[in-house]
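Notes follow once the structure below has been shown.
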2 protein chains.
Amino acid sequence: MKKAHVDGQLCIGPTFTKAEFSLIKKNLSDQKGLDSLADLLAVSGNRQRLKIIYLLHAHKEMCVCDLAECLEMKTSAVSQHLRKLKDKNIVRSRREKQTIYYSLVPNVFTSNLRDILTAEETKEPHSFMYKEITQ
Amino acid sequence: MKKAHVDGQLCIGPTFTKAEFSLIKKNLSDQKGLDSLADLLAVSGNRQRLKIIYLLHAHKEMCVCDLAECLEMKTSAVSQHLRKLKDKNIVRSRREKQTIYYSLVPNVFTSNLRDILTAEETKEPHSFMYKEITQ
DNA sequence: TATATATTTTAGAATGTGCTAATATAAGGA
DNA sequence: TCCTTATATTAGCACATTCTAAAATATATA
């Protein structure tokens, strides 16, 4: 089984053949959802935005200035975070008079997030995340 | 039910009382795992790093230059991504001669990621992420 | 209409991230 | 030992992100 030289760099370790690399690369580029998933994770993976997600998870819906008060942030900053969450279909909004209420969109991604948040609640810090599965 | 003025800003919409805000803020700061979870999501929420996670999910273990070849990146860049993933206990490494093999750490977080990646595989792009749950 | 409340948008500054190129470290083999 | 391979580290640049402050927009009410 002949090993493939990596393009610019030298690397002839105990790896894959050129044909195998081609297959792996093809399969990788076929996973069209990966980039979208990365974007969803990135938008959720901000401390303030995850707190927003948590608050909406815990309170069903909240307006911008409620969130600003809870997070001790300017409404302007909260609004910018909410726009990013809305762009990724993580939250939605409804208007009632001047007030705009935000809530989590019930989709597969937020449902996974809710599961993680529920499991995390009332637990020791980090216990959920870092506990290794030994099987 | 008297409404609370939000600190610097004016906001007396149909929101919570000061006492309720206190409780919500206290509960929020009690959720010690939120920041760690945000950090995990942020590290996973990078397109190249998620591809690394996907490749390790699909191939059990790979060395740095295998990953570099598949991702068409410099080994240096891959190595920097791997360090971030290792810092968050998402991947681990083992040495065999000069070669260092990386694999996913089997913990609750990576197990959730694997579930999402498995569900995403063989599906239409975006179908998994954006399909709304109507119940 | 004028004024107040609620939210959004924008510009700009500070900070963070991800890459390249160069260098360093580590292990194997001549 | 010297040279090659494999990986890691560092500095520095380009670009992205997040905040503040100010202005804009939208709605409600006197």
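Numbers restart at 1 for each chain; the letters A, B, ... are given by sequence-line order, proteins then strands.
- Scored by the side-chain contact (heavy atoms from CB on, under 4.5 Å) test, A:Ile100 finds A:Ser93, A:Arg95, A:Tyr102 as partners (sequence neighbours excluded).
- The separation between B:Ile52 atom CD1 and D:dT7 atom P is 13 Å, rounded to whole Å.
- In this structure, the OH atom of B:Tyr101 is 16 Å from the P atom of C:dA27, given to the nearest Å.
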Nucleotides 16-19 of chain D: which of its N/O atoms have a protein N/O under 3.5 Å away?
{"unit_1": "D:dT18", "atom_1": "OP1", "unit_2": "A:Asn46", "atom_2": "ND2", "d": "2.5"}
{"unit_1": "D:dT18", "atom_1": "OP1", "unit_2": "A:Arg49", "atom_2": "NH2", "d": "3.3"}
{"unit_1": "D:dT18", "atom_1": "OP2", "unit_2": "A:Arg49", "atom_2": "NH1", "d": "3.1"}
{"unit_1": "D:dT18", "atom_1": "OP2", "unit_2": "A:Lys84", "atom_2": "NZ", "d": "2.8"}
{"unit_1": "D:dC19", "atom_1": "OP2", "unit_2": "A:His81", "atom_2": "NE2", "d": "2.3"}
{"unit_1": "D:dC19", "atom_1": "N4", "unit_2": "A:Gln80", "atom_2": "OE1", "d": "3.3"}

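- Residues forming a side-chain contact (heavy atoms from CB on, under 4.5 Å) with B:Ala38 (at least two apart in sequence, or on another chain): A:Arg47, A:Leu50.
- Listed by chain and number, the residues in a side chain to side chain donor-acceptor pair (under 3.5 Å) with A:Lys26 are A:Asp30 (sequence neighbours excluded).
- Between B:Lys51 atom NZ and C:dG18 atom C1' the separation is 14 Å, expressed in whole Å.
- The salt bridge (Lys or Arg N to Asp or Glu O under 4.0 Å) analysis of residues 48-58 of chain A, with sequence neighbours excluded, yields the pairs A:Lys51-B:Asp35.
- For the pair B:Ile100 CD1 and C:dG28 C1', the interatomic distance rounds to 14 Å; values are reported in whole Å.
- Regarding A:Asp87, its CG atom lies at a distance of 13 Å from the C1' atom of C:dT9, rounded to whole Å.
- Of the side-chain N and O atoms in A:Arg83, none sit less than 4.0 angstrom from OP1 or OP2 of C:dT8.
- Put simply, CG on B:Leu50 is 16 Å from C1' on C:dG18, counting in whole angstrom units.
- For the side chain to side chain donor-acceptor pair (under 3.5 Å) test, no residue two or more places apart in sequence or in another chain qualifies with A:Ser103.
- In this structure, NZ of A:Lys86 is placed 12 Å from P of C:dT7, rounded to the nearest angstrom.
- Here the P atom of nucleotide C:dA6 and the CE atom of A:Met62 are 14 Å apart, to the nearest Å.
- Taking OG of B:Ser36 as the start and CG of B:Leu41 as the end, the distance is 10.5 Å to the nearest 0.5 Å.
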Within the sub-3.5 Å range, which N or O atoms of nucleotides 27-30 of chain D have a protein N or O partner, and how far apart are they?
none

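- Put simply, the side chain of B:Thr75 and the base of D:dA8 share no donor and acceptor less than 3.5 Å apart.
- By the side chain to side chain donor-acceptor pair (under 3.5 Å) test, A:Glu72 pairs with B:Lys25, sequence neighbours left out.
- A:Lys18 and A:Glu20 are not joined by a salt bridge, as no carboxylate oxygen comes within less than 4.0 angstrom of a charged side-chain nitrogen.
- Between the side chain of A:Ser76 and the base of C:dT9 there is at least one donor-acceptor pair of N/O atoms closer than 3.5 Å.
- Distances shorter than 4.0 Å separate none of the side-chain N or O atoms of A:Tyr102 from OP1 or OP2 on C:dA6.
- B:Thr110 is linked by a side chain to side chain donor-acceptor pair (under 3.5 Å) to B:Asn107, counting only residues two or more places apart in sequence or in another chain.
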